[in-house]
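What you see below is based on every heavy atom in this structure, not just the backbone, and it leaves out hydrogens, waters and symmetry mates. The shown structure was predicted, so the numbers you read here are calculated from the model rather than taken from an experiment. All residue numbers refer to positions in the sequence shown, counting from 1.
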Amino acid sequence: MPHAPALSSPRPALPSSIPGDAAVTGPKAERLLSGPKGLGTTGIHPRPGKPARPVGPPNPALPSSIPGDVPVTGPEAQQLLGGPKGLGTASAYPQRSRKAADPVGNPVPGLYYHPVPEPDPVRVAEVDRRIKAWAMDEVDLYPEEWEEQFDGFFVGRYMVACHPDAPTIDHLMVAARLMVAENAVDDCYCEDHGGSPIGLGGRLLLAHTALDPLHTAEEYQSAWVRSLQSDAPRRAYRSAMKYFLDWAGPSQADRYRHDMARLHMGYLAEAAWTQTEYVPEVWEYLAMRQFNNFRPCPTITDTVGGYELPADLQAQPAVQRIIALAGNATTLVNDLYSYTKELASPGNHLNLPVVIAERESLSEHDAYLKAVEIHNNLMHTFEAEVAALTTAHALPNLLRFLRGVAVWVDGNHYWHQTNTYRYSLPDFW
């Protein structure tokens, strides 16, 4: 078990650092448990002034990606892994479910994962209805001939599985629009539907201005505004971001923009290797995958949950390491489940088993099994880091955020395993 990482900074310690010997009764304890107060701390709590939205019906929870038997030190640490307790913390996590789903589709043999309950079918159906109306009618994202592929993405199942603590359908739609817009950029700029590495940098930069607005000379501002409607990915980015800003605070929005810049940089690295027909070393590929990965999705788990993790806390190295590990592990899940799909597609597709086979002179079977092992190691490291951090720091919003990221990890695997429209496993067993 690694030592619990300290949330240290040259600035004064955050009030969220609750020492293990903090009083559990009296005014001081109440102040600690309710989080810091004062100028600059309002983002820790759900923000006043946002539109009042009716809370939807209770939704069954996914089990945490951190099982209850993770080895940690002492009973207090075990309690922390279950989340905050006491007055005012009951809504921090959704209710646990004891029964996991028996989903369609087989998991990758040997893959370390946690089964999840079946997502609420009512919420799934409503998200599917709304996201299709948004994509087809509001932003004209795909032509009609791509409708079957859009339906086969199963957006509703994905979002409800990954965000079981979302208070309303509107919160789930924040994540759904961003996910679909990101996927459209990948498809249309990089992959199956007209994508190409040639000129990708220019296309991505202009698309990024739909997320991170351009501030330029007045003479040219109108031309930029017109450009945001010029193609489907930019329309989707602009619309999804506009909806996101209705719910996200300024620091949450800037966090998301930063993670999308990371994603776009990863796209460019992979495109450069494609143009030069370079097969990266395994470590180089894993470095690229730390950027070209799912990170923008779990990083907004607090916005989708209707609360905000403060920027100073979210930026701490220990929290950043956990988010990075989650993104890396979930992206390797994609590599493993999409392996046969990518091999059957035109052109050369880089994924971890392919790179391992080429660089380490292994058979396809052995390279695939080694990729499974690398994923499992990342998952174990992720869980150990979360356990260490939750043992050391008991601020309810931090615990809720970490649990939200872990639940997203589990939901991401569930979606890949059950999406037999898109994915099938290689015949290695």
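Residues satisfying the ring pair (Phe, Tyr, Trp, His ring centres under 6.0 Å) test with Tyr368, not counting sequence neighbours, are Tyr339, Phe428, Trp429. Judged as a ring pair (Phe, Tyr, Trp, His ring centres under 6.0 Å), and not counting sequence neighbours, the contacts of His380 are Tyr112. Not counting sequence neighbours, Asp366 has no partner by the salt bridge (Lys or Arg N to Asp or Glu O under 4.0 Å) test. Annotation: salt bridge (Lys or Arg N to Asp or Glu O under 4.0 Å) contacts of Arg157 (sequence neighbours excluded): none. With sequence neighbours excluded, the residues forming a ring pair (Phe, Tyr, Trp, His ring centres under 6.0 Å) with Tyr113 are His413, listed by chain and number. By the ring pair (Phe, Tyr, Trp, His ring centres under 6.0 Å) test, Tyr256 pairs with Phe244, sequence neighbours left out. Every salt bridge (Lys or Arg N to Asp or Glu O under 4.0 Å) that Arg321 has, sequence neighbours left out, goes to Glu385. In this structure, the side chain to side chain contact (heavy atoms under 4.5 Å, CB included) partners of Ala269, at least two apart in sequence or on a different chain, are Met288. Residues satisfying the salt bridge (Lys or Arg N to Asp or Glu O under 4.0 Å) test with Glu358, not counting sequence neighbours, are none. In this structure Thr216 satisfies the side chain to side chain donor-acceptor pair (under 3.5 Å) test with no other residue, sequence neighbours excluded.
Judged as a side chain to side chain donor-acceptor pair (under 3.5 Å), the pairs with a partner in residues 125-134 (not counting sequence neighbours) are, in order, Glu126-Arg129, Glu126-Arg130, Arg130-Asp170, Lys132-Glu147, Lys132-Asp151, Trp134-Ser239. For the salt bridge (charged side-chain N to carboxylate O under 4.0 Å, His left out) condition, no pair includes a residue of residues 420-429, sequence neighbours left out.
Aromatic rings from Tyr285 and Trp273 are positioned such that their centres are separated by 6.0 Å or more.
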